[in-house]
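Written out below as structure tokens is the structure these notes cover.
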Amino acid sequence: MALPDLDLLSTFLEIYRGGSITAAASRRGLSQPAVSGQLARLEAQIGEPLFLRSRRGAVPTERAYDLARRIGTHLDELHHALGTGENGTGQEDPAGTVHLAGPSDLMALRVVPALAPLTARGLRLRITLGLADELLTALSAARVDLVVSAVRPRLENVVATPLADEEFLLVGSPGLARTVDPDRLAAEPVRALAHLPLVAYGEELPIVRRYWRSEFGRRPPNPVAVTVPDLRTVLAAVVAGAGVSVLPRYLAEPALGAGSVETLHQPAVRPLNTLYLAVRAGRPANPATAAVHRRLTERSREWDLL
């Protein structure tokens, strides 16, 4: 199969990020029939549809999610290197206010530091912290402009760009780790761990539940000692011996190095979770929002979450 040319891929990416043919046409400076024609050519070359048309715009297929993940940051970099960015100079125009939302720990440790240089050039950030479902609902209702999400959005008027993968570890204090029988852990992991209290990110145990289901095939039967929507506080509770939890490696690594927590389980395959940058579909982003989107997609490759 011949490789698609850059114009087709650029048009695809604008449809993906904008959520509609209309938005892509505006951002590309083309007519809607021209954008539709370029998309049709790309789909013919790939051999399958990339979007499903709905009353709210263009809904990405699984193939579109995969293609955007593979080409997005590379294509952005190429446009910047060639000086063919949105303002024609390859330079970002961050002046303006962007309402950004995400989990408190990731925002503090990765997202805000990545965006800090833009504030010196006029960017004003208004940040909302919370759980993914609540923040994505706020995005859908236009109460925020961008959401960094640890879950893949499923709302019809929201599209998402994969940012990075994070690895999760089951950790506990050395004292609690000594209460786990290694032989029973190998043979019956759920029962071997069932006596350990949990420290969870939310009442529905979003991170812990996902780990148990992927590794052990069921929900955890453990008692829940603490729930707090901040993974740094979850780690503090684990270090203090309040219970065990599942944490991203980048957050747990310093405590592991200091010996204040230990890994309780060694999966055969590392459990990974994809982080997404979500925006509303159907209309072009303002320059400040576009600058934040571009900055995060570029800098996320340096976050070292694995």
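All heavy atoms count here, side chains included; hydrogens, waters and symmetry mates do not. Predicted model, so just to flag it, every value in this text is computed and none were measured.
Both Leu131 and Leu275 are part of a single hydrophobic cluster, where members link through side-chain heavy atoms under 4.5 Å apart. Linking Ile, Leu, Val, Met, Phe, Trp and Tyr whenever their side-chain heavy atoms come within less than 4.5 Å puts Leu205 and Tyr211 in one cluster. Under a hydrophobic-cluster definition in which Ile, Leu, Val, Met, Phe, Trp and Tyr are linked whenever side-chain heavy atoms come within less than 4.5 Å, directly or via other members, Val111 and Leu135 are assigned to different clusters. A single hydrophobic cluster is not seen to contain both Leu277 and Val158; linkage of ILVMFWY side chains at heavy-atom distances under 4.5 Å, directly or through other members, places them apart. Cluster annotation: Val159 is not connected to Leu139 through the hydrophobic network of ILVMFWY side chains, with a link wherever side-chain heavy atoms come within less than 4.5 Å.
Residue pairs meeting the ring-ring contact (aromatic ring centres under 6.0 Å, His included) criterion with at least one partner in residues 215-246, sequence neighbours excluded, are Trp212-Phe216, Phe216-His265.
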>> What verdict does the side-chain contact (heavy atoms from CB on, under 4.5 Å) test give for Leu272 and Glu166, after you've listed the backbone C-alpha separation in whole Å, the side-chain angles of each residue and the deciding distance to 0.1 Å?
In response: CA-CA 5 Å; Leu272 303 180; Glu166 56 183 351; over 6 Å; no
>> Walk me through whether Glu302 and Arg299 qualify under salt bridge (charged side-chain N to carboxylate O under 4.0 Å, His left out).
In response: CA-CA 6 Å; Glu302 305 169 3; Arg299 296 299 181 184; 3.4 Å; yes
>> Pair Ser140, Thr137 - check side-chain contact (heavy atoms from CB on, under 4.5 Å), show working.
In response: CA-CA 5 Å; Ser140 177; Thr137 298; 5.6 Å; no
>> Please determine whether side-chain contact (heavy atoms from CB on, under 4.5 Å) holds for the pair Met107 and Leu100, giving the CA-CA distance in whole Å, both sets of side-chain angles, and the decisive distance to 0.1 Å.
In response: CA-CA 10 Å; Met107 298 293 280; Leu100 177 65; 3.7 Å; yes
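Side-chain contact between Leu106 and Val148: present, with at least one pair of heavy atoms (C-beta onward) separated by less than 4.5 Å. When side chains are defined from C-beta on, Leu8 counts as touching Gln45, because their heavy atoms get closer than 4.5 Å. The closest side-chain heavy-atom distance from Arg152 to Thr274 is not below 4.5 Å. Within the 4.5 Å cutoff, side-chain heavy atoms of Val151 are placed close to those of Leu136. For the pair Asp105/Arg110, no side-chain contact is recorded, criterion being any heavy-atom separation below 4.5 Å from C-beta on. Annotation: side chain of Ile21 is in contact with side chain of Leu39 (closest heavy-atom distance under 4.5 Å).
Checking side-chain atoms of Ser300 against main-chain N and O of Leu296 turns up a donor-acceptor pair under 3.5 Å. In this structure a side-chain-to-backbone donor-acceptor pair under 3.5 Å is present from Thr61 to Leu50. Between the side chain of Arg63 and the backbone N or O of Glu48 there is no donor-acceptor pair closer than 3.5 Å. Checking side-chain atoms of Ser245 against main-chain N and O of Val199 turns up a donor-acceptor pair under 3.5 Å. The backbone N or O of Ala34 sits less than 3.5 Å from a side-chain atom of Ser31, completing a donor-acceptor pair. Asn273 contributes no side-chain N or O that, together with a main-chain N or O of Phe168, makes up a donor-acceptor pair within less than 3.5 Å.
Gln266 is linked by a side chain to side chain contact (heavy atoms under 4.5 Å, CB included) to Thr263, counting only residues two or more places apart in sequence or in another chain. Not counting sequence neighbours, the partners of Phe12 by the ring pair (Phe, Tyr, Trp, His ring centres under 6.0 Å) test are Phe51. For Leu109, the side chain to side chain contact (heavy atoms under 4.5 Å, CB included) criterion is met by Tyr250, Leu251, not counting sequence neighbours. Tyr65 is linked by a side-chain hydrogen bond (donor to acceptor under 3.5 Å, both in side chains) to nothing, counting only residues two or more places apart in sequence or in another chain. Residues satisfying the side-chain hydrogen bond (donor to acceptor under 3.5 Å, both in side chains) criterion with Thr11, sequence neighbours excluded, are Arg28, Gln38. Partners of Ala138 by side chain to side chain contact (heavy atoms under 4.5 Å, CB included), not counting sequence neighbours, listed by chain and number: Arg143, Val144. In this structure, the side chain to side chain contact (heavy atoms under 4.5 Å, CB included) partners of Glu188, at least two apart in sequence or on a different chain, are Arg184, Arg191. Applying the side-chain hydrogen bond (donor to acceptor under 3.5 Å, both in side chains) test to Thr227 and every residue at least two apart in sequence or in another chain returns Glu203.
Residue Arg218 places its CZ atom among more than 12 non-hydrogen atoms of other residues, nucleotides or ligands, all under 6.0 Å distant. In Gln32, the CD atom is crowded: over 12 heavy atoms of neighbouring residues, nucleotides or ligands sit closer than 6.0 Å.
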Below 3.5 Å, can you tabulate the donor-acceptor pairs from side chains in residues 254-261 to any protein atom, sequence neighbours excluded?
unit_1, atom_1, unit_2, atom_2, d
Ser260, OG, Ala255, O, 3.2

Side-chain donor/acceptor pairs under 3.5 Å, residues 122-129, sequence neighbours excluded:
unit_1, atom_1, unit_2, atom_2, d
Arg124, NE, Thr97, OG1, 2.9
Arg124, NH2, Thr97, OG1, 3.2

Show which side-chain atoms of residues 228-236 pair as donor or acceptor with protein atoms under 3.5 Å away, not counting sequence neighbours.
unit_1, atom_1, unit_2, atom_2, d
Asp230, OD1, Arg232, N, 2.8
Asp230, OD1, Arg232, NE, 3.4
Asp230, OD1, Thr233, N, 3.1
Asp230, OD2, Ser104, OG, 2.8
Asp230, OD2, Arg232, NH2, 2.9

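Interatomic distance, CG of Leu13 versus CG of Leu67, reported as 8.0 Å (0.5 Å rounding).
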